[in-house]
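I have placed the structure first, in the form of structure tokens, so that the comments after it can refer back to it.
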Amino acid sequence: MKQKKLKILYSQSQIQEVVKKLAKKIDKHYAKIKSSSPLVVISVLKGAFIFTADLIREINLPIQLEFVRISSYGTKKISSGKIEAPLLLLPDLSGRDLLIAEDIVDSGKTIHFLKEYLNDQFRPKSLKVACLLNKSARREVNIKADYIGFEVGDHFLVGYGLDSAEKFRHLPYLAIDE
Ligand code: IMP
Ligand code: MG
């Protein structure tokens, strides 16, 4: 099968540099607040798995890693607007410091849903969001990520965990799928 040509937006090394910067900011903030228990990083599958793996390896603080699987996308490039949460199993995280790791915030619906869910379930001590990519032009709900890697325009991106109909997640760079 032939791979179609994609336009590279951010190279592997540009991504690494930005991920390191995010980790530094995260380190600094959570070192200052001196929690008695490890920071809980909640990775949003599938898209955030590579970002999360790189991010947590640059964080020099005790970490507990958890996964949820949520999306508001079908296999199409337009958000369905309907949240699907096929995996939302978490241990008791009451009163903990929670940091959501997400690949991209688009309409904002996924993060909005997850924040409400985590707040309701656990009354966390803190709840923040780290996203690699922020597509603010397409925002539909009022959501702001606390740590943002790249501000991107209204393009459909693939690679570094992000897919188009389950393709391209393995690419080490970020590209525009035209
Ligand atoms: P939101 O709920 O509209 O903010 O959508 C966020 C989710 O949609 C992300 O977790 C991604 O999995 C997916 N998504 C949004 N934009 C893109 C894109 O450009 N490429 C691939 N996936 C995307
Ligand atoms: Mg996602």
Side-chain angles (χ1 to χ4, degrees), residues 1-23 26 40-59 63-90 98-115 117-118 128-140 143 145-178:
M1 207 169 125
K2 248 182 92 186
Q3 185 121 321
K4 101 174 166 196
K5 222 174 158 5
L6 297 165
K7 192 169 155 228
I8 297 182
L9 184 64
Y10 297 116
S11 68
Q12 194 170 3
S13 60
Q14 282 174 306
I15 299 170
Q16 293 317 321
E17 205 178 295
V18 156
V19 171
K20 273 187 191 165
K21 274 191 197 152
L22 285 184
I26 291 167
V40 184
V41 175
I42 301 174
S43 177
V44 185
L45 295 173
K46 298 179 192 174
F49 84 109
I50 295 180
F51 171 52
T52 307
D54 283 348
L55 182 74
I56 61 172
R57 285 180 293 173
E58 296 291 338
I59 293 178
I63 290 276
Q64 176 177 337
L65 178 62
E66 299 293 342
F67 291 98
V68 290
R69 187 167 165 201
I70 307 176
S71 75
S72 68
Y73 267 73
T75 48
K76 292 179 239 72
K77 288 183 183 174
I78 307 291
S79 172
S80 64
K82 257 200 359 239
I83 303 290
E84 283 165 26
L87 184 70
L88 209 47
L89 263 183
L90 290 165
L98 310 182
L99 177 67
I100 298 170
E102 174 64 309
D103 52 357
I104 182 163
V105 185
D106 186 40
S107 71
K109 287 177 183 167
T110 304
I111 290 302
H112 182 254
F113 166 85
L114 185 56
K115 282 186 92 169
Y117 177 81
L118 295 171
K128 288 182 180 281
V129 178
C131 68
L132 180 66
L133 301 156
N134 188 35
K135 234 192 242 182
S136 51
R138 288 177 39 102
R139 198 69 91 251
E140 288 177 40
I143 279 289
D146 304 273
Y147 304 98
I148 296 169
F150 299 103
E151 291 286 348
V152 293
D154 189 5
H155 306 292
F156 197 81
L157 305 177
V158 295
Y160 198 73
L162 287 84
D163 73 307
S164 174
E166 296 304 328
K167 285 191 309 229
F168 309 122
R169 290 196 198 276
H170 63 295
L171 302 177
Y173 49 81
L174 278 157
I176 298 176
D177 180 26
E178 281 154 341

For this session: Report the C-alpha separation of Leu65 and Val41 in whole Å, then their side-chain angles, then the decisive distance to 0.1 Å, and conclude whether the side-chain contact (heavy atoms from CB on, under 4.5 Å) test is met.
Result: CA-CA 5 Å; Leu65 178 62; Val41 175; 4.3 Å; yes
Exercise. When you look at CD of Glu17, are more than 12 heavy atoms from neighbouring residues, nucleotides or ligands closer to it than 6.0 Å?
Worked result: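 At most 12 heavy atoms, drawn from other residues, nucleotides or ligands, come within 6.0 Å of this atom.
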Problem set entry | Trace of the side-chain contact (heavy atoms from CB on, under 4.5 Å) decision for Asp163 with Lys46 | CA-CA 9 Å; Asp163 73 307; Lys46 298 179 192 174; over 6 Å; no
Exercise. Going through the distances and angles, do Phe168 and Leu162 end up as a side-chain contact (heavy atoms from CB on, under 4.5 Å)?
Worked result: CA-CA 7 Å; Phe168 309 122; Leu162 287 84; over 6 Å; no
Looking at [X] and [Y], what are the two nearest heavy atoms and their distance?
X: Ile50; Y: Gly161; value: CD1-N, 3.6 Å
X: Ile26; Y: Ala130; value: CD1-CB, 4.2 Å
X: Ser164; Y: Val158; value: CB-CG1, 3.6 Å
X: Gly149; Y: Val18; value: CA-CG1, 3.4 Å
X: Thr52; Y: Ala48; value: OG1-O, 2.6 Å
X: Tyr160; Y: Phe51; value: CE2-CA, 3.7 Å

Atom [atom1] of [X] and atom [atom2] of [Y]: how far apart are they, to the nearest 0.5 Å?
X: Arg139; Y: Ser107; atom1: CZ; atom2: OG; answer: 8.0 Å
X: Glu102; Y: Thr110; atom1: CD; atom2: OG1; answer: 6.0 Å
X: Leu174; Y: Ile15; atom1: CG; atom2: CD1; answer: 4.0 Å
X: His112; Y: Ile143; atom1: NE2; atom2: CD1; answer: 5.5 Å
X: Glu84; Y: Arg69; atom1: CD; atom2: CZ; answer: 9.0 Å
X: Gln64; Y: Leu99; atom1: CD; atom2: CG; answer: 12.5 Å

Going by side-chain contact (heavy atoms from CB on, under 4.5 Å), name the residues that satisfy it together with [X], two or more places apart in sequence or in a different chain.
X: Ile148; result: Cys131, Asn134, Ala145, Glu151
X: Leu118; result: Ile42, Leu90, Leu98, Ile100, Leu114, Phe122, Leu127
X: Ile8; result: Tyr173

Exercise. Which residues pass the ring pair (Phe, Tyr, Trp, His ring centres under 6.0 Å) test with Tyr147, sequence neighbours left out?
Worked result: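 Partners of Tyr147 by the ring pair (Phe, Tyr, Trp, His ring centres under 6.0 Å) criterion come out as none, since no residue qualifies.
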Exercise. Should Ile176 and Leu6 count as side-chain neighbours, where that means a heavy-atom distance under 4.5 Å?
Worked result: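 With C-beta onward as the side chain, the pair stays apart.
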Problem set entry | Phe113 side chain reached by Leu88 side chain, heavy atoms, under 4.5 Å |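 Sidechains of Phe113 and Leu88: in contact.
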For this session: Could you give me the CA-CA distance, side-chain angles and deciding distance for Leu133 and Asp103, then say whether side-chain contact (heavy atoms from CB on, under 4.5 Å) is met?
Result: CA-CA 6 Å; Leu133 301 156; Asp103 52 357; 5.6 Å; no
Exercise. Salt bridge (charged side-chain N to carboxylate O under 4.0 Å, His left out) with Lys115: which residues, sequence neighbours excluded?
Worked result: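 For Lys115, no residue satisfies salt bridge (charged side-chain N to carboxylate O under 4.0 Å, His left out) once neighbours in sequence are set aside.
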Exercise. Sequence neighbours excluded, which residues qualify as salt bridge (charged side-chain N to carboxylate O under 4.0 Å, His left out) partners of Arg57?
Worked result: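 Once residues adjacent in sequence are excluded, the partners of Arg57 under the salt bridge (charged side-chain N to carboxylate O under 4.0 Å, His left out) criterion are Asp54.
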Exercise. Distance-only, no hydrogens or angles: does the Lys135 side chain make a donor-acceptor pair with backbone N or O of His155 under 3.5 Å?
Worked result: yes
Exercise. Does any N or O in the side chain of Arg169 come within less than 3.5 Å of the main-chain N or O of Gly159, such that one atom is a donor and the other an acceptor?
Worked result: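 Between the backbone of Gly159 and the side chain of Arg169 there is no qualifying donor-acceptor contact (under 3.5 Å).
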